[in-house]
Each structure stands twice: as C-alpha cells, then as structure tokens.
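Just below is one structure, and these are the notes that go with it.
Start at 1 with the first residue, then count along the sequence.
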Amino acid sequence: MGTIISIINQKGGVGKTTTAVNLSAYLADKGKKTLLIDEDSQGNSTSGLSRSVTFDKSLYDVLLNDTSPEEAVVKTAIRKLHLLPASIDLAGAEIEIAPLAERESLLKRKIEPLREQYDYIIIDCPPSLGLMTLNALVASDSIIIPIQAEFYALEGLSQLVKTVQVVSRRMNPRLHILGILLTMFDGRTNLSLQVAEEVKKYFGSKVFRTVIPRTVKLSEAPSFGEPVLTYAPKSKGADAYKKLSRHVLKREEEKHRTGPRRASGGCPG
C-alpha cells in the first residue's frame, strides 16, 4: 500500500508548494511511483509541473462530480511522477462539501483505490485549516510542515499541531508528523540561525537535518513548469531536495520497522 504524505502549513509563502513539487519529483527520480495531488485552488503545484497543459478533469471532479481518480490523473515529464491537478473550481469546494455526510473523509474515500498503484502520494494542501485541509489530514499517513526561516516562523503552529493531534485521536490514528522542514534558509544571517534553534527547541528530532536554501533557481523553476530536478539539477536547491527525499525515505523505512508515533511535538505558544 502506498504512503500518503501531506505538505501542510496554514501560512502562505512558506515553500509548501515548492516542497510538494520537488519532493515528489525526487521520490520519482529514486524509482518510487509517485502521485502529486494538488488540493489548492490556486493550482501552483499543477502549473509547476505542467506550464502549458490544460486538463479535462481535476480533483474537483473527483470529489464532487463522481469522476474516478484514474480519469483525472495525468502523466508528467518526470518518469514515474503523475499529477492529480487542481482547478479554480476548488475555490468553492468547501461550501459544496460541507453539507455532505462524512464530509471530512471524502478525499480519503475517493483516493483510497490509488494506494495500490503508487509508492507515494503527496498532497499539496491549501494555506488554511479548512475542510479541504482536514480531508487531507484524514487521508494521510503523515505530514511534513515547511517553516520559513523568518521572525514569525512559529506563529500559528500551535493551532496546526493541535489540529493534527485532534485528527490523530479522533479520526485517523495513524497520522503523525513525519518532519519539520526549514525553508528559505540563509545560513549567513543570524535570523535564520536563531529561527532554526527555536524550531529545534520545540520539535527536536522531528526537524529535518536538511534545510532548503533561498535560491533563485528554486524561484524560477515553476515559471517554466518544471521541478528543480530538471530545471537546474546542479543547483543548491536541487541538492537540498535530493537530500530531503533521502531523509523522507529513511524515516518512512524506520516508521515501518518500529510503527508510527502519534502526532506529537511541542506546541509553540
């Protein structure tokens, strides 16, 4: 059965989509059959892998129009990487989902058949703690939380961690925090170093050793509809996401050996 990982932070601009796209690409590059699900109505993961492509079906159709996920999934230029694209229709999806029975598990029910077809399913969540994000948490085995190395990095994380813990207790006992990822990191500044220390203080070993640097190549790649793997494979950003994919695979292997821990970690105030 494939592993489902959500990339989640209710704050925007923290490198969430950049992480979803590039982690997916490197997992596929390592031979893992991977599906990236774009759950954000802005569709940045979709355009980040397919700049000039339009789609007949999207995640919206899977959730609300009885389209099978197999019909909506498309291939990308990366071997072994597929995409379940977003569309602007997702902007109103929460209102349409709200009256449904078992609304929080709609995504899980719809994509469950895909588990047998993929090694990894990565979900790029919207920047909110709304119903779409709740659906992702219920469907997932684990989450990765990207945190920008800035002054307000920990703002709002308490609510996110509490939400994950509630979902783990009440709706999805297998859900846990796979790791905390520092993004847009500049090791030359005291601020980045101080933020890193603060994050480690709260989350300890949950923090990935690899940090994602602030680089031009990572910013440029989406405008060409490519992950950094193909756009700038020798760049610092590419090296960082390559290392991150190794860490993710290692943590997943350890989890399967020892069993997952419930969502935990300090809650910054």
Open item on the list: side-chain contact (heavy atoms from CB on, under 4.5 Å) for Leu181 and Ile212? Distances and angles first, verdict last.
Closed with: CA-CA 8 Å; Leu181 177 67; Ile212 306 303; 3.8 Å; yes

Practice task
Quick one: do Glu252 and Lys32 satisfy salt bridge (Lys or Arg N to Asp or Glu O under 4.0 Å)? Show the steps, please.
Solution key: CA-CA 13 Å; Glu252 282 297 324; Lys32 304 297 182 181; over 6 Å; no

### Message
side-chain contact (heavy atoms from CB on, under 4.5 Å), that's the test. Do Glu39 and Leu90 meet it? Break it down for me.
### Response
CA-CA 8 Å; Glu39 211 191 36; Leu90 283 173; 5.6 Å; no

Kindly indicate, with the supporting measurements, whether the criterion side-chain contact (heavy atoms from CB on, under 4.5 Å) is fulfilled by Met132 and Ile97. CA-CA 9 Å; Met132 291 297 291; Ile97 292 172; 3.8 Å; yes

With side-chain contact (heavy atoms from CB on, under 4.5 Å) as the test, would you mind laying out the steps for Arg246 and Lys250 before giving the verdict? CA-CA 6 Å; Arg246 289 203 296 262; Lys250 183 178 180 181; over 6 Å; no

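Of the possible polar contacts, one joining the Glu94 side chain to the Leu131 backbone as a donor-acceptor pair under 3.5 Å is found. Using a distance-only test at 3.5 Å, with no hydrogens or angles considered, a donor-acceptor pair links the side chain of Ser223 to the main chain of Glu220. Remark: side-chain polar atoms of Asn135 are paired, donor with acceptor, to backbone N or O of Arg103 under 3.5 angstrom. Side-chain atoms of Asp186 do not come within 3.5 Å of backbone N or O of Arg214 as any donor-acceptor pair. A donor-acceptor pair under 3.5 Å is formed between the side chain of Ser24 and the backbone N or O of Ala20. Side-chain atoms of Lys16 come within 3.5 Å of backbone N or O of Cys125 as a donor-acceptor pair. Between the side chain of Thr183 and the backbone N or O of Val14 there is at least one donor-acceptor pair closer than 3.5 Å. Looking only at distances, a side-chain donor or acceptor of Thr133 sits under 3.5 Å from a matching main-chain atom of Ser128. For the pair Lys206 (side chain) and Ile177 (backbone), a donor-acceptor distance under 3.5 Å is present. Of the possible donor and acceptor atoms, none in the side chain of Asn22 sits under 3.5 Å from a partner among the backbone N and O of Tyr241.
Side-chain heavy atoms closer than 4.5 Å link hydrophobic residues (I, L, V, M, F, W, Y) into clusters, and following such links, even through other members, never connects Val228 to Met184. A continuous path of hydrophobic side-chain contacts links Tyr120 to Ile78 [ILVMFWY only; heavy atoms under 4.5 Å]. The same ILVMFWY cluster, assembled from side-chain heavy atoms under 4.5 Å apart, contains both Ile147 and Val211. If you chain together hydrophobic residues whose side chains sit under 4.5 Å apart, Met171 and Leu100 fall into the same group. Residues Leu154 and Ile143 share a hydrophobic cluster, clusters being chains of Ile/Leu/Val/Met/Phe/Trp/Tyr side chains in contact below 4.5 Å.
The heavy-atom pair separating Pro85 from Ala72 by the smallest distance is CD-O, 3.4 Å. The two atoms that bring Leu218 and Pro213 nearest to each other are CD1-O, 3.7 Å, heavy atoms only. Ser235 approaches Ala232 most closely through the heavy-atom pair OG-O, 2.7 Å. Between Glu70 and Pro113, the shortest heavy-atom contact is OE2-CB, 4.3 Å. Nearest heavy atoms, Asn9 versus Pro146: ND2-O, 2.8 Å. Heavy-atom minimum distance, Ser192 versus Phe185: O-CE1, 3.4 Å.
The shortest side-chain heavy-atom distance between Pro127 and Gln42 falls under the 4.5 Å cut-off. At least one side-chain heavy atom of Leu27 sits less than 4.5 Å from a side-chain heavy atom of Ile122. Counting only heavy atoms from C-beta outward, the side chains of Glu102 and Leu106 never approach each other to under 4.5 Å. In this structure, Val248 and Phe208 have side chains that are in contact, with non-hydrogen atoms separated by less than 4.5 Å. At a threshold of 4.5 Å between non-hydrogen side-chain atoms, the residues Ile123 and Ile4 count as touching. Taking the side chain as every heavy atom from C-beta outward, Leu81 and Tyr26 never approach each other to under 4.5 Å. Under the 4.5 Å side-chain criterion, counting only non-hydrogen atoms from C-beta, Lys108 is not in contact with Leu137. Looking at heavy atoms from C-beta onward, Ile5 lies in side-chain contact with Ser142 at the 4.5 angstrom threshold.
In this structure, the separation between CG on Leu157 and CD on Glu155 is 9.5 Å, given to the nearest 0.5 Å. Here Leu114 contributes atom CG and Ile37 contributes atom CD1; the two are 6.5 Å apart, rounded to the nearest 0.5 Å. With rounding to the nearest 0.5 Å, the separation of OG in Ser68 from CD1 in Ile111 is 13.5 Å. One distance of note links CG of Leu129 with CD of Gln10; it measures 4.5 Å at 0.5 Å rounding. Here the CG atom belonging to Leu182 is positioned 7.5 Å from the NZ atom belonging to Lys200, to the nearest 0.5 angstrom. If you take OG on Ser6 and CG on Leu178, they are separated by 11.5 Å, rounding to the nearest 0.5 Å.
Of the candidates Asp124, Thr19, Thr18, Asp40, Asp124 is the only one forming a side-chain hydrogen bond (donor to acceptor under 3.5 Å, both in side chains) with Ser45. When each of His82, Lys80, Lys33 is checked for a side-chain hydrogen bond (donor to acceptor under 3.5 Å, both in side chains) with Tyr118, only His82 meets the rule.
Within a 6.0 Å sphere centred on NZ of Lys110, other residues, nucleotides and ligands contribute more than 12 heavy atoms. Annotation for Lys11: atom NZ counts as buried by contact number, over 12 foreign heavy atoms lying within 6.0 Å. Remark: Lys243 NZ is loosely packed, at most 12 non-hydrogen atoms of other residues, nucleotides or ligands lying under 6.0 Å away.
Between Glu112 and Arg115 a salt bridge is recorded (basic side-chain N to carboxylate O distance below 4.0 Å). By the 4.0 Å N-to-carboxylate-O rule, Arg170 lies too far from Glu104 to be salt-bridged with it.
For the residue pair Thr67 / Asp61, no side-chain donor-acceptor distance below 3.5 Å is found, with atom types taken as modelled.
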